[in-house]
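Working notes, beginning with the structure itself.
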2 protein chains.
Amino acid sequence: MNVAKRKPRRNNESNRREELLRVSAKLFREKGFDGTSIRDISAAAGMHSGSPFYHFKTKQDILVAVMEQGLAEGLRRTEEVMALALPPEQRLKELIRAQLGTILEEGSDFIPVLLYDWRSLTLANRRRIVALKDRYDALWQQVIDDLKRAGHMPGDAQLVRLLILGAVNWTGTWYRAGGRLSLDEVAEGCARLFLQGER
Amino acid sequence: MNVAKRKPRRNNESNRREELLRVSAKLFREKGFDGTSIRDISAAAGMHSGSPFYHFKTKQDILVAVMEQGLAEGLRRTEEVMALALPPEQRLKELIRAQLGTILEEGSDFIPVLLYDWRSLTLANRRRIVALKDRYDALWQQVIDDLKRAGHMPGDAQLVRLLILGAVNWTGTWYRAGGRLSLDEVAEGCARLFLQGER
DNA sequence: CCTACCGATCGGTAGG
DNA sequence: CCTACCGATCGGTAGG
């Protein structure tokens with residue numbers, strides 16, 4: 001039957017683990033955690049159906065690992081922007097652009113899984129991941145607080161953060177690559193909308 | 001065993017159908033379409049496991065019915081706002097308030113299922129529902145176009161609609177009733193953010 | 001990692 | 001709507 005067409009062997013075990021995470025992130029994003037079976041994942045990674053359990057104890061552990069890797073990568077990109085010496089208006093725009101990339105660029109399926117499949121996490125794992133997510137949110141809050149102090153942002157600063165991040169995170173549901181707008185244009189439009197009359 | 005505690009019989013068949021939709025919407029919102037079994041739905045409605053299929057041909061049909069009912073109700077509320085004689089800034093705020101209610105009020109699980117479980121729809125059903133959803137979007141676009149014509153809104157009007165609706169629809173992932181902010185306050189904060197300096 | 005398998009659960013149905 | 005059931009699929013495991 002030749003169920004699994006073997007790809008060229010890699011002798012590095014962690015390569016296979018990474019590959020599993022990559023295909024899992026893609027499948028979870030497309031079909032959801034509950035809509036994706038271990039067999040879907042195995043097949044996409046060129047393995048047999050029991051083999052993912054050599055790398056992960058449970059399917060839920062794969063979900064957690066996907067989300068943690070996404071957060072690590074997203075935090076890295078976000079902190080890069082924070083390290084730049086920029087005026088807060090400019091910094092917000094760059095932050096938005098980085099987040100758009102984390103959600104919409106080719107192969108960026110890890111953070112979308114976090115965003116759109118949160119409810120599939122067990123309560124214990126939610127607590128674990130919230131700790132990382134809080135650091136993420138704190139960086140955004142910092143920029144928005146700066147803008148507010150400078151008089152460039154109206155109303156409750158925490159609400160503003162949730163609304164801006166909401167608008168950005170929601171792009172994953174409608175944006176299509178190769179469409180009318182580039183990511184840079186979306187980021188530009190975002191910044192203009194939220195910083196109206198400031199630039 | 002007495003599997004299902006019988007509720008008092010209703011002799012109206014459509015009452016049971018409505019009840020099924022109500023509990024399905026709630027369960028789909030909490031656990032997702034794929035995370036909810038027919039047995040979950042049956043139990044919540046006080047039926048035996050095969051009985052939902054007396055009212056709906058497939059589980060997918062329940063999902064479609066939930067989304068269509070949500071859209072019908074949402075369209076009704078939206079059109080009510082459109083019928084009011086209001087300046088466009090005020091109209092946007094009322095539109096936002098109505099949408100927040102449709103997503104966040106007690107028992108408002110139908111539109112959230114549409115928003116957060118879109119990927120569980122078959123392609124054929126997506127086409128069917130997109131037609132309704134387009135009318136919804138068109139009403140929002142109308143208000144935003146008005147604002148743009150009056151010079152109160154910067155940039156690409158379609159992008160602005162997607163961003164504002166995104167911020168509003170995303171509230172379903174973080175807003176908790178009884179928290180720091182009321183729905184009116186969120187609506188107010190939204191309008192202030194998007195219409196900065198206009199009021 | 002593969003092989004061979006298990007018990008549980010799934011959506012759905014026939015017949016009343 | 002309930003009863004009794006079916007075939008398919010699920011996550012996961014033991015043993016190599």
Side-chain angles (χ1 to χ4, degrees), chain A residues 1-24 27-28 30-66 113 117 120-122 124-125, chain B residues 1-24 27-28 30-66 113 117 120-122 124-125:
Chain A
M1 282 298 190
N2 206 358
V3 175
K5 291 241 172 65
R6 210 68 51 77
K7 304 221 181 99
R9 286 260 182 169
R10 314 194 181 151
N11 44 17
N12 190 336
E13 192 165 282
S14 80
N15 277 348
R16 301 301 286 150
R17 191 189 143 100
E18 277 169 37
E19 169 83 353
L20 274 173
L21 288 182
R22 205 179 53 75
V23 303
S24 297
L27 288 165
F28 290 163
E30 280 167 16
K31 316 203 290 174
F33 177 74
D34 286 315
T36 303
S37 71
I38 285 289
R39 282 157 181 84
D40 293 334
I41 294 170
S42 312
M47 294 176 180
H48 287 256
S49 74
S51 302
F53 295 108
Y54 172 75
H55 297 277
F56 297 93
K57 207 152 70 77
T58 64
K59 188 187 169 194
Q60 171 80 203
D61 284 352
I62 301 180
L63 180 63
V64 173
V66 165
V113 171
D117 246 331
S120 293
L121 275 184
T122 62
N125 285 329
Chain B
M1 285 298 190
N2 205 358
V3 176
K5 292 243 170 65
R6 209 71 49 76
K7 306 224 182 98
R9 287 260 182 172
R10 316 200 179 146
N11 45 17
N12 189 335
E13 192 164 283
S14 79
N15 276 348
R16 301 302 285 148
R17 191 189 142 99
E18 277 170 37
E19 169 82 352
L20 274 173
L21 288 182
R22 203 178 55 74
V23 303
S24 297
L27 288 165
F28 290 163
E30 281 168 14
K31 316 203 292 173
F33 176 74
D34 286 316
T36 304
S37 71
I38 286 289
R39 283 159 181 83
D40 293 334
I41 295 170
S42 312
M47 294 176 180
H48 286 255
S49 74
S51 302
F53 295 109
Y54 171 75
H55 297 277
F56 297 93
K57 209 152 67 76
T58 65
K59 188 187 168 193
Q60 172 80 204
D61 284 351
I62 301 181
L63 181 63
V64 173
V66 165
V113 171
D117 246 328
S120 293
L121 274 184
T122 62
N125 285 329

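Throughout, protein chains are lettered first and strands after them, A, B, ... in sequence-line order, and every chain is numbered starting at 1. Side chains included, hydrogens not; waters and symmetry mates left out as well; all remaining heavy atoms used.
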Find the distance [X]:[atom1] to [N]:[atom2] and express it as a whole number of Å.
X      : N       : atom1 : atom2 : value
H48(B) : dC2(D)  : NE2   : P     : 5 Å
D40(A) : dC10(D) : CG    : P     : 7 Å
D34(A) : dT9(C)  : CG    : C1'   : 13 Å
K31(B) : dT9(C)  : NZ    : C1'   : 13 Å
L20(B) : dC1(D)  : CG    : P     : 7 Å

What nitrogen or oxygen pairs link the protein and nucleotides 12-15 of chain D at under 3.5 Å?
unit_1  : atom_1 : unit_2 : atom_2 : d
dG12(D) : OP2    : K59(A) : N      : 2.7

(request) Identify all stems in which DNA chain D takes part, counting only runs of at least 3 consecutive pairs (Watson-Crick or G-U wobble, each distance under 3.5 Å), and give each as one range with another, ordered by first number. (result)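 Counting only runs of 3 or more consecutive pairs, the stems involving DNA chain D are C:1-16 with D:1-16.
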
(message) If the test is side-chain hydrogen bond (donor to acceptor under 3.5 Å, both in side chains), which one of R17(B), R16(B), R22(B) qualifies with E19(B)?
(response)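 Exactly one pass, corresponding to R22(B).
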
(message) Quick check against the 3.5 Å criterion: does N125(A) have a side-chain atom that pairs as donor or acceptor with the backbone of V64(A)?
(response)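 No, because the side chain of N125(A) does not come within donor-acceptor range (under 3.5 Å) of the backbone of V64(A).
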
(request) Evaluate side-chain contact (heavy atoms from CB on, under 4.5 Å) for I38(B) paired with F56(B), printing each intermediate quantity in order. (result) CA-CA 11 Å; I38(B) 286 289; F56(B) 297 93; over 6 Å; no

(message) Measuring to OP1 and OP2 of dC10(D), would you say a side-chain N or O of S37(A) lies under 4.0 angstrom away?
(response)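 Checking dC10(D) against S37(A), a side-chain N or O does come within under 4.0 Å of OP1 or OP2.
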
(message) Applying salt bridge (Lys or Arg N to Asp or Glu O under 4.0 Å), can you list everything that pairs with D40(A), at least two apart in sequence or on another chain?
(response)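 Expected list: K31(A).
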
(message) Counting the atoms with a prime plus P, OP1 and OP2 as sugar-phosphate, which does T36(A) contact under 4.0 Å by heavy atoms, base, sugar-phosphate, or nothing?
(response)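 Since only primed, P, OP1 and OP2 atoms lie under 4.0 Å of T36(A), the category is sugar-phosphate.
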
(message) Could you walk me through whether I41(A) and F28(A) satisfy the side-chain contact (heavy atoms from CB on, under 4.5 Å) test, starting with their C-alpha distance in whole Å, then the side-chain angles of each, then the deciding distance to 0.1 Å, before giving a yes or no?
(response) CA-CA 9 Å; I41(A) 294 170; F28(A) 290 163; 4.0 Å; yes

(message) For V23(B) versus A45(B), what's the shortest heavy-atom pair and its separation?
(response)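 The answer is CG2-CB, 4.2 Å.
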
(request) For residues L20(B) and Y54(B), determine if any side-chain heavy atom of one lies less than 4.5 Å from a side-chain heavy atom of the other. (result)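 No, their side chains stay 4.5 Å or more apart.
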
(request) For the residue pair T36(B) and S24(B), establish whether any side-chain heavy-atom pair is separated by less than 4.5 Å. (result)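 T36(B) does not reach S24(B) side chain to side chain.
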
